[in-house]
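Some notes on the structure that comes next.
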Amino acid sequence: MSAFMGEVVGTMILIIFGGGVVAGANLKKAFSNGGGWIVITLAWGLAVTMGAFAVGSISGAHLNPAVTIALAITGDFAWNQVLPYILAQMIGAFLGACIVYLHYLPHWGATKDAEAKLAVFSTGPAIPHTFGNILSELIGTFMLVLGLLFIGANSFAEGLNPLAVGLLIVVIGMSLGGTTGYAINPARDLGPRIAHFVLPIAGKGSSNFRYAWIPVVGPILGGSLAAVFYTYIFKGVVLSSFWIVIAITVIVLLLAFFKTKGESKSIGKKVA
């Protein structure tokens, strides 16, 4: 199997288990309906573990564009492989979402809540707030990539690393995921969101592409920041991209902040 196919298969496994647990918790008449946040966060952690076990020896099991870009920034991954890896992750995420759709085929029509159906495929904010939402995704992915770099710096028994990564996903979900549903992975959100858009899901409603840029941009910024932070603080190396990453992050956050202020004023005028 090629590294490209490894990322396709690994990301597909990630979404089958991750999207599957949300479907089971959200869709009516599933025995697991109402499973709740603890079940979801545990299953997502195990989903990442299984994806990593499946293809870690083949592709390195990035399964996430933010991770791929971060590793390229640190010099641990070739830049000319970044776009192929991201494409593979997007394809895998889309295919995984399609399989979840087929698995729960009779349950879509039995569920009236369009937002609950969308949540099976993609994330959304508990409170819509552009600045707060992108900051949440940034922080969550910062901790993800920082944790991955921590784990990689330690010597574990063979086969134990994916378990450590799975536990990292669980703690991020339980601690930081309650604000935006912790996409922390552009492919995990955008690939299934596109699947939601194209699949014939009964009563599915909007795919909310207006929000879709946040779980793409936030994780990429957070992962990139973690990469330059780790190499500077823990290795004492200032990467050539250090100030570029900082500058882009500040600019995006400022734009998000002023966009949020504009949204708040607009809402205030409507209320008045």
Side-chain angles (χ1 to χ4, degrees), residues 8 11-27 30 35 37 39-41 43-45 47-48 51 63-67 86-105 107-108 111-130 132-141 144 169 172-173 176-223 256:
V8 171
T11 311
M12 183 178 70
I13 290 170
L14 166 67
I15 298 301
I16 289 172
F17 288 136
V21 70
V22 181
N26 283 12
L27 300 182
W37 192 248
V39 169
I40 289 171
T41 54
W44 269 107
V48 172
L63 316 182
N64 182 340
V67 172
I86 291 175
L87 176 61
Q89 292 153 4
M90 286 292 295
I91 292 171
F94 178 86
L95 292 175
C98 290
I99 292 171
V100 171
Y101 163 73
L102 292 172
H103 184 82
Y104 284 93
L105 194 59
H107 294 268
W108 305 105
T111 305
K112 303 305 178 186
D113 187 345
E115 290 188 2
K117 296 175 189 179
L118 177 59
V120 173
F121 296 87
S122 57
T123 62
I127 299 175
H129 188 281
T130 300
N133 299 154
I134 197 168
L135 195 60
S136 289
E137 287 294 331
L138 186 156
I139 293 170
T141 315
L144 168 65
I169 298 296
I172 290 172
L176 306 173
T179 52
T180 59
Y182 72 119
I184 59 174
N185 181 340
R188 169 265 176 275
D189 190 274
L190 187 56
R193 194 183 296 271
I194 293 171
H196 178 273
F197 179 74
V198 301
L199 289 170
I201 302 167
K204 65 181 178 181
S206 169
S207 299
N208 196 16
F209 280 104
R210 180 177 295 183
Y211 177 79
W213 71 275
I214 289 177
V216 171
V217 174
I220 290 174
L221 291 177

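Just so it is clear, the model here is predicted, and its values are computed rather than measured. Numbering starts at 1 and runs along the sequence shown.
- The distance from the CD1 atom of Ile172 to the CD1 atom of Ile139 is 11.5 Å, given to the nearest 0.5 Å.
- Looking only at distances, a side-chain donor or acceptor of Ser206 sits under 3.5 Å from a matching main-chain atom of Asn208.
- Of the possible donor and acceptor atoms, none in the side chain of Trp44 sits under 3.5 Å from a partner among the backbone N and O of Val39.
- Listed for the Asn133 side chain is no donor-acceptor partner under 3.5 Å among the backbone atoms of Pro128.
- Of the possible polar contacts, one joining the Lys117 side chain to the Thr111 backbone as a donor-acceptor pair under 3.5 Å is found.
- Looking at every heavy atom in both residues, Ala30 comes nearest to Gly24 through CB-O, 3.7 Å.
- Side chains of Trp213 and Thr130 form a contact here, defined as non-hydrogen atoms less than 4.5 Å apart.
- The closest donor-acceptor contact from the side chain of Asp189 to the backbone of Val216 lies at 3.5 Å or more, if one exists at all.
- Within 6.0 Å of CD1 on Ile127 lie no more than 12 heavy atoms contributed by other residues, nucleotides or ligands.
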Checklist entry - Step by step, would you call Val120 with Tyr104 a side chain to side chain contact (heavy atoms under 4.5 Å, CB included)? => result CA-CA 11 Å; Val120 173; Tyr104 284 93; over 6 Å; no
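- Looking at heavy atoms from C-beta onward, Pro186 lies in side-chain contact with Asn64 at the 4.5 angstrom threshold.
- Annotation: side chain of Phe17 is not in contact with side chain of Val48 (no heavy-atom distance under 4.5 Å).
- In this structure, Pro65 and Gln89 approach most closely via the heavy-atom pair N-OE1, 3.0 Å.
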Checklist entry - Do Leu144 and Asn185 pass the side chain to side chain contact (heavy atoms under 4.5 Å, CB included) test, and can you show the C-alpha distance, the side-chain angles, and the key distance before you say yes or no? => result CA-CA 10 Å; Leu144 168 65; Asn185 181 340; over 6 Å; no
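- Not a single donor-acceptor pair under 3.5 Å links the side chain of Tyr182 to the backbone N or O of Gly140.
- Heavy-atom minimum distance, Val100 versus Gly20: CG2-N, 3.8 Å.
- Smallest separation of non-hydrogen atoms from Ala66 and Pro219: CB-O, 3.4 Å.
- Side-chain contact between Thr179 and Pro125: absent, with no pair of heavy atoms (C-beta onward) separated by less than 4.5 Å.
- With hydrogens and angles disregarded, no donor-acceptor distance shorter than 3.5 Å links the side chain of Lys204 to the backbone of Leu118.
- Few gaps surround OH on Tyr211; more than 12 heavy atoms of other groups in view lie less than 6.0 Å from it.
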Next on the checklist: side chain to side chain contact (heavy atoms under 4.5 Å, CB included) for Thr180 and Ile214? Distances and angles first, verdict last.
Outcome noted: CA-CA 10 Å; Thr180 59; Ile214 289 177; 5.7 Å; no
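- Checked by atom type and distance alone, the side chain of Arg188 never pairs as donor or acceptor with a backbone atom of Thr11 at under 3.5 Å.
- Heavy-atom minimum distance, Ala119 versus Asn26: CB-ND2, 3.5 Å.
- The distance between the ring centers of Phe121 and Phe197 does not fall below 6.0 angstrom.
- Residues Ala195 and Ala97 approach most closely at CB-CB, 3.7 Å, considering heavy atoms.
- Judged by distance alone, the side chain of Glu137 and the main-chain N or O of Ile184 form a donor-acceptor pair under 3.5 Å.
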